[in-house]
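Take a look at the structure set out below.
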Amino acid sequence: MPWEGGQIFVADVIVSDDQESLSTSNAKHIAGEKGKVATGYPSWANNNTLLFTSDESGYSNPWKFDVARGKASPIFAQPIAQDFAEPMWSLSMFPYVVTDIAGTQALWTAIKDGRDTFYLVDIEGKIEPRVVETPYVAVHGLKVISRERHEIVFCGQKIDASEDIVGGSISSLAFSSIKPPAAANNVELSPSLVSEPRAITLTVQPGDSPLHVVYYGPHNPNYAGSSIEGERPPCVVHLHGGPTANEAQGLNWKKQYFTTRGWAWCESLSTP
């Protein structure tokens with residue numbers, strides 16, 4: 001699988017005289033190791049810089065290959081213990097966009113405490129990566145509309161609202177709904193009823209790897225809960241479907257059904 005070990009090569013592309021076929025030459029391995037280091041999501045920021053992700057540090061972080069120097073290197077001075085890319089399951093997935101014409105800046109998504117988080121990344125590595133605060137906890141379909149105007153679009157979901165198509169400008173760091181998709185139903189849940197997710201790291205046994213979970217406590221302002229002092233609520237423990245899967249923290253009607261009725265909901269995560 002590509003997340004177990006993926007390699008990236010660069011090569012010269014040659015177009016035939018009749019322009020009916022392509023061939024390559026001077027192929028060069030620049031990053032990744034079969035079965036050990038996973039690299040992926042390559043794209044050109046400009047004519048001299050190839051961006052990609054590598055988990056050489058143990059986490060998928062942004063890297064770049066400099067054509068002039070013929071060398072690949074991490075963009076961050078020190079690795080960040082967050083995954084800046086999800087496992088590569090399909091071609092439609094992509095964790096970043098280049099936001100300027102010169103190809104010196106990118107908006108990257110990372111998984112932090114189980115939530116999708118935006119980072120503004122200086123591709124040249126001169127400025128520390130900066131967290132971009134938004135209310136969207138689940139993000140996908142990130143695309144750039146205009147490098148000239150630094151405009152992007154993505155599908156985003158909040159903890160208390162259905163998924164929206166969101167657009168905005170990197171210059172102003174302001175994002176808003178463009179056109180929400182058609183609602184699956186006409187039922188609306190008051191924000192006062194929403195149980196907010198809380199990321200928790202548990203230690204199961206000393207020496208074991210930490211267990212990352214998201215906890216939704218029982219929540220309903222119209223009810224006090226149990227009348228028995230010290231009684232703990234029943235809890236649904238849900239395991240995500242697979243070793244590379246991750247449960248998003250956007251509004252989920254099934255979870256809120258239980259939490260509004262006195263139950264807790266605990267979700268396991270595959271990444272911190």
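Here the structure is a predicted model, which means the values were calculated and not measured. Hydrogens, waters and symmetry mates are skipped; everything else that's a heavy atom, side chains included, is used.
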For this session: Identify whether the distance between the nearest side-chain nitrogen and carboxylate oxygen of Lys255 and Glu247 falls below 4.0 Å.
Result: yes
Exercise. Is the cationic atom of Arg261 (NZ for Lys, CZ for Arg) positioned less than 6.0 Å from the six-membered ring centroid of Phe258 and within 45 degrees of its normal?
Worked result: no
Exercise. Does atom CG of Asn47 have more than 12 heavy-atom neighbours from other groups under 6.0 Å away?
Worked result: no
Exercise. With distance as the sole criterion, is a donor-acceptor pair present between the side chains of Gln157 and His140 under 3.5 Å?
Worked result: no
Exercise. Which class fits the ring pair Tyr136 and Phe154: parallel under 30°, tilted 30 to 60°, perpendicular over 60°?
Worked result: perpendicular
Problem set entry | Donor-acceptor under 3.5 Å (Thr260 side chain, Gln256 main chain) | yes
Exercise. Okay, side chain of His150, backbone of Thr99: is any donor-acceptor separation there less than 3.5 Å?
Worked result: yes
For this session: Could you tell me the separation between the CD atom of Glu86 and the OG atom of Ser60, rounded to the nearest 0.5 Å?
Result: 10.5 Å
Exercise. Is the distance between the ring centroids of Phe94 and Tyr41 under 6.0 Å?
Worked result: yes
For this session: Using the side chain to side chain contact (heavy atoms under 4.5 Å, CB included) rule, take Val37 and Asp55 through it: C-alpha gap first, then chi angles, then the decisive distance, then the call.
Result: CA-CA 6 Å; Val37 178; Asp55 67 356; 3.7 Å; yes
Exercise. Under 3.5 Å, side chain of Thr117 to main-chain N/O of Ile111, donor-acceptor pair present?
Worked result: no
Problem set entry | Over 12 non-hydrogen atoms of neighbours within 6.0 angstrom of CD in Glu33 | yes
For this session: Give a yes-or-no answer on whether the side chains of Glu56 and Ser54 include a donor-acceptor pair shorter than 3.5 Å.
Result: no
Exercise. Between Phe84 and Phe76, how do the two ring planes meet: parallel, tilted or perpendicular, split at 30° and 60°?
Worked result: perpendicular
